[in-house]
Asks: 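Please find one structure pasted underneath; my questions will follow.
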Amino acid sequence: MAELPDKPVEKWTESDVSSWLRSIGIKDQYIQKLHEEEVDGKILKELTEDYLKRETGMKSGPALLIVKKKNELIESIQVQKPQNVKKTQDSGLNKAASGQNEKQATGKETISIVKNRVYSVRLPNFKEKANKIEHEKEVIYRRVGSKTEPVMDQNEFYQRVRDRDDQREEAEQSQFLSATDFCEDLGRKLTMLVTSGKKFIEKEKWYILVTNKFRQSDLSSIDFLLNMKIFCVFDFDPDSKVSGFCGEYLQHHAANLHFMQNYKIPSDMSVREFENHLHLFEQTSWIFCNGRSDFRGNETPCDEMTWIKTKITLLRESVSLICKQVLPKKSFLVIFLLTSPVEKPLLHTFSEFFTDMEGHEDIICICECEENYQTWRGFAESYCSEETVSRSSVVGMKMSHVNATLQRIQPLTSRTTKHLSVFTKGECLLETREEERMYSLEILSVDHCDETSEEFIEAEKDNLERQFYHGGKVKWLNFWLAENKYIGEVIQRDAYRESSKLLSDILKRGTDQVQVNSINIYHHPGSGGSTVARQVLWNNRKDLRCAVVKPSYSASTVSEHAVYLREYEEKEPPQKCLPVLLLVEDCESEYLDDLRSELETAVYTKKITQGTPCFILLSCRRSHNPEKKCKESPLQNVAVTHKLSPQEKRQFAGKREKLEQQYQPEFILTFVLMSEEFEQQYIKDFVKNLLQDIDHSSVVTKLIRYVALLNSYVQNSFISQSHCEALMALTIQFDRFRQHTFEASLSEQAKLIFIHLRDEKTHILSIRIIHPLVAKEILWQLLDGQQQLSGIALDLLHEDVLYENRFGKEEYVKFLRDLFMRRCRISKGDESDSFFSPLIEHVRESESPDKAIELLKEAYTRFNKDAFFAQQLARLNYSHEKFEEAKQWAEIAAKKMPKNSYILDTKGQVYRRWFNAKCKVIENVTKTPQNTADAIETALKAMECFGECEMAAIADLDTMNNSGFFAAVEVGCNLLKLVFSLQLFSKTSGQAECLKYLVTEYIPEEVKKPWEGLHEKLKGLQMSMHCALEWISEDLSYFQTDISAEEEEPAVTAELKINNPKNWLVNKSAVYGKYFSSASLSKLQQPCSTNTVILTPFMKRMQIYYLGGGNITTIFSLLHDQTDRGQINALEDIISLYPSSPLKANLEQMDLVNYIASQIALGCLSTESPKLAPLQYLQKLCQQFPAEKSKCLSSALFLLTLLFWPEDSDPDKERKYEIVMSAVEFLKRSYWTKMKDIPQRRQRIYTHFFLSHGSGRAKIVHKSKVESLTKQLPVSEKRMKWLRGEVWKMPEIAKLLKPIHGWTEDGTVFLEGPQRKKFMIPALYSASVPYSNENVTFYLGFTFRGPVAYNITVIQ
């Protein structure tokens, strides 16, 4: 039993009561509850069983035990007063129970407590027969040597009490006097505690400070804290911001000021999202724990008791979140910096850290005042031993001495100062707090690394060089050490020189310069692309402002910080500033587009002079074919491959020779492999030699297999060291030996191939294999004859110890998920596009589809029956024609996520594939209503699913998923093909009957019974297809490929890949029109004049569809090849199918739109056609559009802008402008509805026509005519001309397009002409708008958003 306090029960503190409760075996949860209720000795004596159960929710058993033991405790203490000497109650009850009660002889209590006193006790004794505790008679005990014995002769004992008191007093005084002669080495103790026994304070270590009020004299001695990586501060000084530590710290660093309630993580937020929300790891989090005097919100300080009642739960949640979810164990040290009297809230903070950190090892206390320390110590010793508390505390050292001592062991020299280059060729000071405010950027200063101490360099330089050449990522210190001749130079590859040349050309370019430029470095994985990119930054840091974009920050945040970096401390911002070179690594092209767009907007807003280079985006991205990327755009792209040029081979050979004199080859493995150009046979032989004597059954080999599997199939993957330790069941007692213990437990093979990484943000330690090609070869060679790849993947899925390990869990789970889910995309640097993850693709092709399905089923279970795994299982099953299973999985996924359009699309795809399979079975047999019924039912089920998908896509405000519309048309066309192929409907008369069946109430007798239950759905097929085709047409009218791109972008659907959506729409519209026009293909190909008489209006509309006139997109697509006479004939045939006098025919709005669009298209191709209607006639037709513009189709409003755009000499100009402006107002509304909340890069509006020099019909030209003028240029040159806007300067363009006059006002372009109301014309490229109010000219483009301005030029 533990010792109890040496004082009466009624004087016990809450902590004393906790210790006693612990000693009788009460659970921690009840002890904690009584501690919170402030149960001290006085209250303990009054406790009843009823109170315990009612107020604390305690069970009957422990409540009964506490009351019983309490009563025994009180009864066991008998107090008697002797005649000569005070005979008092023993306050050290535990000692009394042990018979150690003669205070003068114990050697622990001071003379002031025991002088002239004798303590007696009655010891409790349990009597088995009576089944109760009885107390023995009162006895006085004394110490005899090492034993405790009862006093036999009390008279003699009492007579000698005074003598023993004198001896005790003399001994205490001599001890006190001699204590001053000896002083503990506090400097060394402090150093060892803060560094965990290392030579220097670790750069990667995080520190948590817990502190109270600082004395003003101490605030001048906090330099050591300014160079530490402080994660957060628990500050109990309400005045800290105004006059304390916080205010002083904020003069040097940025910090975010929080309260404890800010650390309550919302249920719908992940830990990583929460970290970003509070900006943890970016800037110090300053947590005011007891109010903040300068804060205007309701955060006032409170007294100790009120704090315990109201805030202790918040403290517990804050500490628990930090220790258990945010910071990995052993990655941080908690320092209690006690600079003023210690109060209970601060003591409770120790209690919470001690509990959540599971011990005292990483908690230290620094306290100058002995009295303050004693309060602290008394509380801390209720949790751990006196020795532990003493060992972890530095007491009596002045703050100035602490400051000087710790500054000596920091890797940086005292107060770090950094400098940036400025426009005037000088330098400016980069304040640390300003740097921290630009937290999304890692800024490279002119004097980067200059602050590194000599001691640190000497101790670490060899290690840093060896790590780099073994395969670690290059660090700035590598370049600095090479530059300052501490180590050999870092090789500059050819790609470095090429990138530097492109950068130099950008900086030299004249007034035609764009303000945001790009250089792209494409590299084979592991070929050194990142080193090349960082070399470019390093060697330009003295001439430009250079920074690396940190991952996971939004483009808008990065842009904001990049603009601030560009203008920081410049004399004349924003005009005269150095350009900013931003390195963006391993990001997707969409992110780069977003960042470029944000920077261009910023440049425009800042009104920076044209031709000034402001930002250069240096993108470093992996690619399996860097040379191809380089060839596509040689003026922007650079390739880094595993192949070395002759010059590079010479450089590598020379460097390798020097390194091998310095290090063993196995310690510079990646460099050796690189010098061998990662030749396949060399890697094979190297791995074979490496694995020769490996123990296949060991846990370390299992770890190698898992890491090799992840590194082979998941880009940039790793496994945290914490996960490795858990798998290997390592128990590590002391953090200072952690790395040594881990590395010692690895096999020789693992030591050679693993690289040790450290997360730049959280500092979680992790490992990966030195190179992905080596990982792949290890994986194949470790597969013994009986084991397959799927077996290793299954083993990895079943490793609960890895999946459930706490730290690094988010990254591990993401990598594991990617292993089974992430599909390859060429656009993302992969070798090819894949339908499944590379692992699943390999298993289903090299092992069996069943193995792949089994693997995905296990993954589904492991990932808590995730809907997306169910979706993948549906796709995998239908890919192998297991349609029943696919259906089940699709339904499971849809049930879990009923509003996800992509999952609903997969459900539809199951039926689509099933329908195609059923069609294939009956392909070569005579089709009858009986043998086609099953296939038709499946197709209709697919259409139903795609209808649900369409509705979900329209309702989704964040994404534009068009997959349901495309797939519905695909299935519809195939279903029509099947229905029309029935023998019943195969003849000409049969086709008419089929059409009658599909579009009227009529049901042929032959199909009535076989297709029972399907008739209504089949009769709705035409309308379903029509709606889908119209939606696709409208979508393509708004958003098609940007004019500067070479080819149309594919329509990205979940399962279908439509390479050219516009051509696809033309083809499918024709198929739809063919089947629903009832006439045979041969008849449709005859001159229309012979057929028009017998066609109903519906059939005519369908025939128009067949000829390409069914919607505005297919009509205008006929203009893309303007040399083809067949397009003119097609448009004339389309127009012939409309009534001869459309004005009197009262056409529906859609038919009216298509007729007018056909007339405009024909006018672009031929001015001689007899089918052409006069422009005025088309304008009259437009009067039949609804007068209420909100009821007009977007295509109708678009046609109004084209037809009513007035000419210069037009007498009715003002009325026409009003018509156009009214149409534009509603076009904008429908545009923003269509846009949803999608990223800006997806908001590229499509320009259909441009205003030309002609008049009448000739006043507009189709965009294909403009594009044809650049068609002969090489692809790369054409792209650059469009990108830089040079295309508008071409004389051919000037001859074709008409410049319009207008002016700019506060960055907005207005059209000259309208008198009653200003006509604002949006600039398609905002960067071309002048910043001042100027007279301008521009070219006019017509879009579904309204007219837009191109090539805005100031009139000089």
Side-chain angles (χ1 to χ4, degrees), residues 1033-1034 1036-1038 1040 1062 1066 1069 1104-1105 1107-1122 1124 1126-1139 1142-1143 1147 1149-1185 1192-1207 1210 1216 1219-1220 1223-1224 1227 1246-1268 1296-1298 1340-1348:
S1033 168
E1034 186 180 45
L1036 293 176
S1037 298
Y1038 277 99
Q1040 289 185 35
K1062 194 172 60 192
V1066 170
S1069 296
I1104 287 168
Y1105 250 102
L1107 293 169
N1111 53 61
I1112 204 162
T1113 306
T1114 57
I1115 292 165
F1116 289 154
S1117 71
L1118 293 169
L1119 296 175
H1120 277 277
D1121 186 1
Q1122 299 196 6
D1124 186 355
Q1127 315 291 40
I1128 297 173
N1129 294 338
L1131 285 164
E1132 287 177 341
D1133 289 346
I1134 289 166
I1135 291 168
S1136 299
L1137 286 163
Y1138 285 97
L1143 204 53
L1147 295 172
Q1149 187 181 179
M1150 179 58 73
D1151 294 328
L1152 204 55
V1153 165
N1154 291 341
Y1155 175 78
I1156 295 170
S1158 300
Q1159 283 282 352
I1160 290 171
L1162 182 59
C1164 288
L1165 293 175
S1166 168
T1167 54
E1168 308 294 324
S1169 173
K1171 296 291 181 183
L1172 275 180
L1175 181 61
Q1176 292 77 7
Y1177 185 78
L1178 298 180
Q1179 290 172 341
K1180 269 190 183 179
L1181 273 178
C1182 290
Q1183 291 173 5
Q1184 295 188 6
F1185 291 147
C1192 286
L1193 298 169
S1194 298
S1195 47
L1197 296 169
F1198 170 72
L1199 292 177
L1200 287 175
T1201 64
L1202 278 178
L1203 292 172
F1204 284 91
W1205 193 266
E1207 295 173 28
D1210 198 325
K1216 289 183 178 176
I1219 293 170
V1220 171
V1224 168
L1227 272 175
Y1246 181 71
T1247 305
H1248 292 268
F1249 292 91
F1250 289 92
L1251 193 67
S1252 78
H1253 283 287
S1255 61
R1257 285 177 167 282
K1259 70 183 175 187
I1260 56 169
V1261 292
H1262 191 250
K1263 80 146 192 171
S1264 57
K1265 191 111 181 219
V1266 177
E1267 286 178 322
S1268 67
L1296 179 67
L1297 302 185
K1298 178 180 181 177
L1340 198 72
F1342 292 91
T1343 75
F1344 266 58
R1345 184 186 171 182
V1348 293

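Positions are given from 1 along the sequence. Excluded from the calculations below are hydrogen atoms, water molecules and symmetry mates; all remaining heavy atoms, backbone and side chain alike, are included.
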Asks: Tell me, please, which residues at least two apart from V1066 pass side-chain contact (heavy atoms from CB on, under 4.5 Å).
Replies: T1114, S1117
Asks: Measure up the F1116 and F1249 rings against each other and bin them: parallel (under 30°), tilted (30 to 60°), perpendicular (over 60°).
Replies: perpendicular
Asks: Taking it one step at a time, do H1253 and L1296 satisfy side-chain contact (heavy atoms from CB on, under 4.5 Å)?
Replies: CA-CA 7 Å; H1253 283 287; L1296 179 67; over 6 Å; no
Asks: Just verifying a value: how many Å separate S1158 OG and L1118 CG, rounded to the nearest 0.5 Å?
Replies: 8.0 Å
Asks: How close do I1115 and N1154 get, heavy atom to heavy atom, and via which atoms?
Replies: CD1-O, 3.5 Å
Asks: Does the side-chain contact (heavy atoms from CB on, under 4.5 Å) test come out yes or no for Q1179 and K1216, once each step is laid out?
Replies: CA-CA 10 Å; Q1179 290 172 341; K1216 289 183 178 176; 3.9 Å; yes
Asks: Parallel, tilted or perpendicular: which describes the rings of Y1038 and F1344, with under 30° parallel and over 60° perpendicular?
Replies: perpendicular
Asks: Run the ring-ring contact (aromatic ring centres under 6.0 Å, His included) test against Y1155 and tell me which residues pass, sequence neighbours left out.
Replies: Y1138
Asks: In this structure, is the centre-to-centre distance between the rings of F1250 and H1262 below 6.0 Å?
Replies: no
Asks: Output all residues satisfying side-chain contact (heavy atoms from CB on, under 4.5 Å) with S1166, sequence neighbours left out; order by chain, then residue number.
Replies: I1128, E1168, S1169
Asks: Enter the distance from L1178:CG to Q1159:CD here, rounded to the nearest 0.5 Å.
Replies: 5.0 Å
Asks: Please lay out, stage by stage, how L1227 and R1345 fare under the test side-chain contact (heavy atoms from CB on, under 4.5 Å).
Replies: CA-CA 5 Å; L1227 272 175; R1345 184 186 171 182; 6.0 Å; no
